[in-house]
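Working notes, structure below.
Here the structure is a predicted model, which means the values were calculated and not measured.
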Amino acid sequence: MQEFPKYHLGDQQAAALLHPMILSLCELEDRAKHYLDRLHLSNTERAAVVAAHAAIRAAHTEVTAIWQKAQATNAQGEDQ
């Protein structure tokens, strides 16, 4: 695997990096919901979009939980 140069010299915090990912997942979740609400889809096509929406929602939920844990870890580190 190719090595890439690092963007920053110092360590970065996961909570700061995860938040934009959450926003992107939220946007994708909204887009899938919009498609389901507004587009004419065959049963097969609708099922595929429903499955994608569920997968995006699950990812959104999971990444949000990871983000919350990272924030809590950062807060504990600041208290010490």
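Distance check, rounded to the nearest 0.5 Å: NE2 of H34 to CG of D30 gives 10.5 Å. If you take CD on Q68 and OG1 on T73, they are separated by 11.5 Å, rounding to the nearest 0.5 Å. Rounded to the nearest 0.5 angstrom, L28 CG and L23 CG are separated by 11.5 Å. Taken from CD in Q76 to CD in Q71, the straight-line distance is 12.5 Å, to the nearest 0.5 Å. For the atom pair NE2 (H19) and OG (S24), the distance works out to 10.5 Å, reported to the nearest 0.5 Å. Taking NZ from K33 and CZ from R57, the interatomic distance works out to 8.0 Å, rounded to the nearest 0.5 Å.
When all heavy atoms of T64 and H60 are compared, the closest pair comes out as OG1-O, 2.7 Å. The two atoms that bring R46 and L41 nearest to each other are N-CB, 3.9 Å, heavy atoms only. The nearest pair of heavy atoms linking N74 to A15 is ND2-CB, 3.8 Å. Taking every heavy atom of both residues into account, L36 and H53 meet most closely at CD1-CB, 4.2 Å.
In this structure, E27 pairs ionically with R31, as a charged nitrogen and a carboxylate oxygen lie closer than 4.0 Å.
Hydrophobic clustering places V50 together with Y35 (ILVMFWY residues linked when any side-chain heavy atoms are closer than 4.5 Å, directly or through intermediates). Residues V49 and I56 are members of separate hydrophobic clusters, defined by side-chain heavy-atom contacts under 4.5 angstrom among Ile, Leu, Val, Met, Phe, Trp and Tyr. Using a 4.5 Å cut-off between side-chain heavy atoms of Ile, Leu, Val, Met, Phe, Trp and Tyr, with links allowed through other members, L25 and W67 fall into the same hydrophobic cluster.
Atom CG of D37 is surrounded by more than 12 heavy atoms from other residues, nucleotides or ligands within 6.0 Å.
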